[in-house]
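Worksheet: the structure to be examined is printed underneath.
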Amino acid sequence: MKFSSSYEPNQFEPDIYAAWEAAGVFNPTVSTVPVDADGNGHDDRLESEENAFSEHVWRRAKHGASEPRNDGSELAFRKSISSDSTYSIVMPPPNANGNLHIGHGLTVALEDSLTRYYRLKGKSTWYIPGADHAGFETWVVYERALEASGHTRFEYDRNELYARVWDFVAQQRGNMEVQLRALGASCAWNDLTFTLDENVVDRVYTTFEKMWNDGLIYRGKKLVNYCPKHQTAFADIEVEHQDEPGTLWDIAYDDIIVSTTRPETLFGDVAVAVNPNDNRYQDRIGKKVHLPLTDREIEIIADEHADPEYGTGAVKITPAHDFDDFEVGERHHLPQIQVISEEGRMINVPDKYYGLTTAECRKQVLKDLKEQGLLKGEKKITHSVAHCYKCGTVIEPMLKEQWFIDVKTLAKTAIEHLNNNEIKFYPESKQKVLINYLENLKDWNISRQIPWGIAIPMFKKIDDEATDEPEWIFDKRTNLKEIEKSGVKYIRDEDTFDTWFSSSHWPIVCTDWSDENPTPYYPLNVMETGVDLIFAWVSRMIMMGLYVTGEVPFKEVYFHGLVLDEHGKKMSKSKGNVINPMELVVKYGSDAFRLGILRGRSAGMNQAFSENSVISGRNLANKLWNISRLVQSMVDEDGEADASFHFASPSENREVESSRVPESTGRRPDSTTRFLPGAQQSASERSLSIYTTDNMGEDWICREINDCLDQVENDMKTYRFAEAVEVLYTTIWDKYADWFLESQKLYKNVPLLKTTLESLLIAIHPFAPFVTEAIWQNLSWTKGFIITAKWPERLEYDPISAENFENIRIIVSEIRSTLQSLPGANNSKKYGLMYDNDALVEDNSLLIKTLAKVPTINPLNGSPRGLRIALASHELYLDVPEKVIKDYKDALTEKILSVGRELDALNLRMSNPNYVERAPEHLVKETRNQIKEKESLISRLKNQLTLT
RNA sequence: GGGGAUUUAGCUCAGUUGGCUAGAGCGUACGAUUCACAUUCGUAAGGUCACAGGUUCAAGCCCUGUAAUCCCCACCA
């Protein structure tokens, strides 16, 4: 016996993954094969193939494209296949030097389930892994390490820093790839794309050049979100707003009082704005006031920006340090006076304040204003303050020259395609959200003052440095600091791209799309990612995909929400409620984790997660293991004798009337041989194509498995992972194990046992890849890998026989329930069952006897006696003594009342003439039948009540 | 201010185009036990589907309103 009594994931998972990887089954070239097409025998496949976790990504990233991703035949295949036969999906690249967190665990569970499902369905399936250089994230970590060692970034130039971070990341590279393997991700490792790979950089430069030529890129001196700590600018979406208490000060500018939360910026004031409709200030518009603490005068202007309701209705205008004021300044052609440096210190201010930090300066300004009697009031307020999302430093709006993308046409095109429903969203509502976002999108600042990233390929004419509008040229030679073109020298812009600019090309670069060589794997079938990335990433991939390829980059988007802790709270280090997916994988197995995290999860929702769900997944894996163990043992027994004589043992049969032996096993005389659909050509390939069905639940389980497959297929089409897992769970556990296998202990239909087990194993493989493969490799008759098996065909069955078994289930359940509710100690509840005029019960007496655990089952000879089972269409009696029936009276009364309540509801429905008239006929008919049934049941139960 | 969600059993969640007595897992209670599995088996309790109206023969589902909770965007001198 190869099977131990419980499934131990750790014994199998690493070897199985290594065997898959060694066999190359993750490549898109591999499609499904008939289960026994591989003649090599299967066990040796799992033997110690060298498990070489690839250093591929790093080698390739460092050495550039010199190392081809795949050999020629693989690449030729990829170009030749029709796009109808492909299924492509990319992994949102985890940080190359980080560890996977619970969100990655969910992502992999979702994406890999899809991948495996479509692989089983026969698609050329390509799940492309990635690794992210994580520009800013990694930079922050590196800079912290640098500071800890007593150095600063300013000791090195950009190229040195880039090289140092590269080495730092190489050393610090975490276990990300190992962890993805542990989760079972069946991704094509040879195609792993690193965000700094040469082909990525090249594609990004090509796009940038095209945009530059199309006039979509411009260099603008605008206010940007600037973190004085990290000394870099951010895009709007990288800034976190928080409501905080603050103070609103009233300051007298002559006789006009302005209100401000930032008095230190008054040195940058260039005007005071009032609302054009504000009666209080009509006569002052165009006049001048004296700017306190200086010898300047500034004009009073009229602008809608000033809200008459807020403060005094007069607002100071500081274009260089406030986003709204910047716009006001543009409208009125006002100068921009920068008074805060990039280091966060005061500049262009009277000597007294020069060099102070903003906080020091504020204190001093307030003190001086107070002394001069110009501080007219202060009020505590709550206002939202922008922070650096990484270090929490307050964001300083800073006037900087940066590269911007004019997003108008990009957004417009994207909106058109979205309105055209070219991308299907899960959840649906996100489509609107995205369109709404794109409609209000502002120009995108793509410059970052961080060395770790893709260098911006723009060079400035050296001798133009002094002019206001220097000449910029595009050039890809960013490895050089200086270049020469036509005798003119140019110097490189030191900035790097916003990572989202390169990430927006992800579907394009991962699939190796190019103008000359479009690929059948683009657009992707689906983009699966976190809902938090809808704006930062998804919106930009759509814009960029359309700009570069003219097509949307993916046909569907599935958003997952946050994984919350078991109480529905966000996980955070400070709360100490962070769940590490790897701990759960080690403790319960990868399958358990995957099943657990998919349970109760639906698109776009932030949902709770707890270890319990993983335990439940572990139990299912173990159940599958033991089911297979039982089936294998039945198959083994079968090998020793002719299957057609596997009736229950003679001694057992003798307990029933001897003349009824054949019927009592539930074997139908007319049992028929059934073929799988399409069996003609595959019968020789699939050893299990032929089976017969009998009663004993055999037709029934075929029906249930077919229904289950229908539902799983439907659920996968609509990304309802939790439902797919649920229906598999129920079918395998509650139906296959609890009813079908129990009944098969009486009569073993070995071909059917094999076929049904295979179907269920394959169907749940996408969600529990390891245990199903472990079983597959241990079953005596299966061949090859389950990962490349073929999705199950529907099973043929006799519907009447299936329905008969359904009736038997109802009968057995009712007997069990009645027995449980009988008074008295349990070991005394062994009562025989009697039936009257009931062919179904008679024909399946052994089955019912076994499943209901009654000692005997006999026809009722003579008048009814004992305790009637509460079934309308079957006359069954438990042979219990008078006394027990008397004690059971209360329960019986309650039963009658409860059926009576149901009957009342039905009668009420029928008494409504509109119902009879307007409801569909079949419903009305059904109601009538139910009334009849319940009435007869009540009268029989009542009869029994009076008898006792 | 704009947008998007959520509210169903003690907990976490399903419930698709309205249709029969609203489901699951976990938890709880009671019972079982050599023969695949205690990571097991059986049985049961547990619901005013947030609230108020409306449409309909019929509403957890559709419509209107209210309340609570959450997320995103913008703004806050």
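Reminder, nothing fancy here: chain letters follow the sequence lines and each chain counts from 1.
Using a 4.0 Å heavy-atom cutoff across all strands shown, A:L562 reaches no nucleic acid atom at all. Residue contacts for A:K432: at a heavy-atom cut-off of 4.0 Å it reaches the sugar-phosphate backbone alone, with no base atom in range. Note on A:A722: nothing from the nucleic acid sits closer than 4.0 angstrom, heavy atoms only. Using a 4.0 Å heavy-atom distance criterion, A:Y437 is classed as making no nucleic acid contact. If you check every strand for non-hydrogen atoms under 4.0 Å, A:Q930 touches a base. Within the 4.0 angstrom heavy-atom criterion, base atoms lie near A:K934.
To the nearest angstrom, P of B:rA5 lies 9 Å from CD of A:E428. Here the P atom of nucleotide B:rA36 and the CZ atom of A:F740 are 16 Å apart, to the nearest Å. In this structure, the CZ atom of A:F609 is 14 Å from the C1' atom of B:rC13, given to the nearest Å. One can place CD of A:E742 at 11 Å from C1' of B:rC37, the figure rounded to the nearest angstrom. Remark: P of B:rC71 and CD of A:E240 are 12 Å apart, rounded to the nearest angstrom. Residue A:K430 contributes atom NZ, which lies 13 Å from atom P of B:rC71 at whole-angstrom precision. The separation between A:K735 atom NZ and B:rG23 atom P is 14 Å, rounded to whole Å. Atom CD1 in A:I775 sits about 12 Å away from atom C1' in B:rC37, given to the nearest Å.
Checking each of A:F559, A:F425, A:Y426 against A:Y719 for a ring-ring contact (aromatic ring centres under 6.0 Å, His included) leaves exactly one that passes, namely A:Y426. Just one residue in the list A:V272, A:V258, A:D269 forms a side chain to side chain contact (heavy atoms under 4.5 Å, CB included) with A:V289, and that residue is A:V272.
Taking CG of A:L630 as the reference point, atom NZ of A:K745 lies at 6.0 Å (rounded to 0.5 Å).
A distance of about 14 Å separates the P atoms of B:rG19 and B:rA58, rounded to the whole Å. Comparing B:rU43 with B:rU69, their P atoms are spaced 42 Å from each other, to the whole Å. On the C1' atoms, B:rG25 is 22 Å away from B:rU21, given to the nearest whole Å. As rounded to the nearest Å, B:rC51 and B:rU6 have C1' atoms that lie 15 Å from one another. A distance of about 14 Å separates the P atoms of B:rU7 and B:rC49, rounded to the whole Å. Taking atom C1' on both B:rU8 and B:rG46, the two are 14 Å apart, rounded to the nearest angstrom. Rounded to the nearest Å, the gap between the C1' atom of B:rC63 and that of B:rU55 is 7 Å. Here, B:rA32 and B:rU16 have their P atoms 41 Å apart, quoted to the whole Å.
Of the possible polar contacts, one joining the A:N626 side chain to the A:N622 backbone as a donor-acceptor pair under 3.5 Å is found. Side-chain N or O atoms of A:N778 include one that pairs as donor or acceptor with a backbone N or O of A:A774 at under 3.5 Å. No side-chain donor-acceptor contact under 3.5 Å links A:T247 to the backbone of A:K380.
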Sub-3.5 Å pairs of nitrogen or oxygen atoms, protein against nucleotides 14-16 of chain B:
from, atom 1, to, atom 2, distance (Å)
B:rA14, OP1, A:S602, OG, 2.5
B:rA14, OP1, A:Q607, NE2, 3.0
B:rA14, O3', A:E723, OE2, 3.0
B:rA14, O2', A:E723, OE2, 3.1
B:rG15, OP1, A:R720, NH2, 2.9

Find every protein N or O atom lying less than 3.5 Å from an N or O atom of nucleotides 39-42 of chain B, and list the pairs.
from, atom 1, to, atom 2, distance (Å)
B:rU39, O4', A:N619, OD1, 3.2
B:rU39, O2', A:N622, ND2, 2.7
B:rU39, O2, A:R618, NE, 3.4
B:rU40, O3', A:K623, NZ, 3.3
B:rC41, OP1, A:K623, NZ, 3.0
B:rC41, OP1, A:W733, NE1, 2.3
B:rG42, OP1, A:D738, OD2, 3.2
B:rG42, O3', A:R816, NH1, 3.4
B:rG42, N2, A:Q820, OE1, 3.2

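In the interface, the side chain of A:K442 is not paired with the base of B:rA74 through any donor and acceptor atom under 3.5 Å apart.
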Intra- and inter-strand pairs of RNA chain B in dot-bracket (Watson-Crick or G-U wobble, both distances under 3.5 Å; | for another strand): (((((((..((((.....[...)))).((((((....).))))).....(((((..]....))))))))))))....
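Contact check on A:E264 versus A:R262 returns a salt bridge, with a Lys/Arg side-chain nitrogen under 4.0 Å from an Asp/Glu carboxylate oxygen. Between A:E806 and A:R809, at least one side-chain N (NZ, or NE/NH1/NH2) sits under 4.0 Å from a carboxylate O, which counts as a salt bridge. Under the 4.0 Å criterion applied to side-chain N and carboxylate O atoms, A:E8 and A:K587 are not assigned as salt-bridge partners. In this structure, A:E814 pairs ionically with A:K895, as a charged nitrogen and a carboxylate oxygen lie closer than 4.0 Å.
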Would you check, one step at a time, whether the test side-chain contact (heavy atoms from CB on, under 4.5 Å) holds for A:R618 with A:L595? CA-CA 8 Å; A:R618 187 264 322 252; A:L595 291 165; over 6 Å; no
Quick one: do A:Q607 and A:S602 satisfy side chain to side chain donor-acceptor pair (under 3.5 Å)? Show the steps, please. CA-CA 8 Å; A:Q607 284 162 317; A:S602 40; 3.3 Å; yes
For side-chain contact (heavy atoms from CB on, under 4.5 Å), just list the numbers for A:H567 and A:S610, CA-CA rounded to whole Å, side-chain angles, deciding distance to a tenth of an Å, and then say yes or no. CA-CA 9 Å; A:H567 305 295; A:S610 75; over 6 Å; no
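Taken residue by residue, residues 904-915 of chain A places heavy atoms nearer than 4.0 Å to RNA chain B at A:R909, A:N912, A:N914, A:Y915.
Listed pair A:S429 / B:rA5 meets the phosphate criterion, a side-chain N or O lying under 4.0 Å from OP1 or OP2.
Residue A:N606 is the one, among A:Q242 and A:N606, whose nearest nucleotide of RNA chain B lies closer to the 5' end (criterion: closest heavy atom).
A donor and an acceptor atom, one from each side chain of A:N225 and A:D236, are located under 3.5 Å apart.
Considering only residues two or more places apart in sequence or on other chains, A:F326 meets the ring pair (Phe, Tyr, Trp, His ring centres under 6.0 Å) condition with none of them.
The side chain of A:F535 has B:rC72 as its nearest neighbour among B:rG19, B:rU43, B:rC72.
Among residue pairs with one or both ends in residues 431-443 of chain A, none qualify as salt bridge (charged side-chain N to carboxylate O under 4.0 Å, His left out); sequence neighbours excluded.
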